[in-house]
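Submitted below is the structure of interest, expressed as structure tokens.
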Amino acid sequence: KAGVTQTPRYLIKTRGQQVTLSCSPISGHRSVSWYQQTPGQGLQFLFEYFSETQRNKGNFPGRFSGRQFSNSRSEMNVSTLELGDSALYLCASSYAGAVTNEKLFFGSGTQLSVL
Amino acid sequence: DQQVKQNSPSLSVQEGRISILNCDYTNSMFDYFLWYKKYPAEGPTFLISISSIKDKNEDGRFTVFLNKSAKHLSLHIVPSQPGDSAVYFCAASAGGSNYKLTFGKGTLLTVNP
């Protein structure tokens with residue numbers, strides 16, 4: 001089975017711009033979660049989608065949004081980029097996402113740099 | 001408010017010796033704990049987990065210990081190998097919501113040949 005695929009791997013944007021990141025989960029997985037990794041904060045939960053519905057959201061401003069398509073692929077959007085948004089954005093998938101002992105499978109991430 | 005804390009940013013051990021990585025948590029609702037390993041330029045990969053109904057789980061060279069009263073868990077790697085050099089993240093979840101993990105900041109383990 002192919003793993004979790006995130007595109008692009010690297011992205012450079014300037015302040016004020018917006019960006020869209022893409023995630024293709026493992027085939028058959030219906031839950032997609034997004035995490036932000038920064039050196040100072042570790043990994044922080046952004047949101048999770050299951051069957052095209054957002055089930056949970058972390059403590060991030062409304063500039064961070066996402067969606068999931070019927071084929072379980074997910075996109076994450078950040079509008080009005082700020083310097084502090086520079087981070088590695090990780091996507092993780094699982095079959096149901098709400099079953100005890102279910103593992104998350106992570107992609108390699110998109111490294112976003114905001115100049 | 002850091003609910004999962006890994007107080008050691010880095011750890012260096014000799015090949016063949018034991019590596020002990022520590023993690024503390026504050027949220028008493030956490031009932032499932034996981035360790036993930038991350039190499040540079042790759043996403044985290046699942047290593048081992050433990051439910052709050054257990055106090056130990058073993059998988060080959062990796063053992064996780066959970067002390068609920070102290071809200072502390074540790075990962076033991078015996079024997080350590082150079083390929084174990086990576087960042088290790090402790091994570092926790094509550095009530096089966098395993099898609100919403102709370103991670104620590106990670107510990108960089110370096111295993112010297």
Side-chain angles (χ1 to χ4, degrees), chain A residues 3-7 9-10 23-26 29-51 53-60 66 68 72 74 88-111, chain B residues 1-10 21 23-27 29-54 57 59 62 64 66 86-108:
Chain A
V4 179
T5 304
Q6 290 189 247
T7 56
R9 286 297 304 270
Y10 303 95
C23 172
S24 293
I26 291 172
H29 285 191
R30 295 188 295 164
S31 170
V32 174
S33 307
W34 289 89
Y35 288 81
Q36 181 195 64
Q37 184 189 3
T38 57
Q41 297 298 320
L43 280 81
Q44 292 188 288
F45 174 75
L46 281 154
F47 31 63
E48 186 256 0
Y49 287 86
F50 181 82
S51 293
T53 301
Q54 186 183 90
R55 286 200 294 198
N56 209 329
K57 191 176 189 304
N59 297 323
F60 279 82
Q68 187 180 34
S72 294
S74 177
L88 179 67
Y89 290 88
L90 292 160
C91 162
S93 79
S94 63
Y95 180 72
V99 175
T100 301
N101 300 339
E102 187 175 35
K103 293 181 290 191
L104 293 185
F105 293 85
F106 282 86
S108 297
T110 294
Q111 182 67 54
Chain B
D1 176 28
Q2 196 75 15
Q3 297 185 61
V4 176
K5 300 178 185 178
Q6 294 177 257
N7 292 319
S8 299
S10 62
L21 295 91
C23 178
D24 297 295
Y25 62 95
T26 58
N27 188 341
M29 298 299 293
F30 288 147
D31 57 6
Y32 190 59
F33 304 90
L34 309 91
W35 286 92
Y36 278 82
K37 179 169 72 174
K38 186 179 184 301
Y39 294 115
E42 294 183 13
T45 54
F46 171 79
L47 191 57
I48 192 169
S49 63
I50 188 167
S51 165
S52 61
I53 62 173
K54 295 185 175 182
N57 189 26
D59 184 2
F62 303 91
V64 56
L66 175 62
V87 176
Y88 288 78
F89 290 97
C90 172
S93 70
S97 300
N98 289 341
Y99 55 82
K100 183 186 176 185
L101 296 177
T102 301
F103 282 86
K105 294 185 180 181
T107 296
L108 173 62

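The chains referred to below are lettered A, B, ... by the order of the sequence lines, with proteins before strands, and numbering in each begins at 1.
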Any chance NZ of B:K5 has more than 12 other-residue heavy atoms, nucleotides or ligands included, within less than 6.0 Å? no
Could you give the distance from CZ (B:F46) to CZ (A:F106), rounded to the nearest 0.5 Å? 11.5 Å
Going from CD1 on B:I48 to NZ on A:K103, what distance comes out if it is rounded to the nearest 0.5 angstrom? 11.0 Å
With a 4.5 angstrom heavy-atom cut-off, which part of A:L88 approaches chain B: side chain, backbone, both or neither? side chain
Distance from B:E42 atom CD to A:L90 atom CG, nearest 0.5 Å? 11.5 Å
Specify the closest pair of heavy atoms between B:Q2 and A:Q41, including all atoms of both residues, with the distance to one decimal. OE1-OE1, 4.4 Å
Return the OH to CG distance between B:Y36 and A:L43, rounded to the nearest 0.5 Å. 10.0 Å
Heavy-atom nearest pair, A:S108 first then B:A41, reads CB-O, 4.0 Å
So which of B:P44, B:A91, B:G104, B:G106 has the largest heavy-atom pair count under 4.5 angstrom toward chain A? B:P44
By a 4.5 Å heavy-atom criterion (distance strictly below it), what part of A:Q111 contacts chain B: side chain, backbone, both, or neither? neither
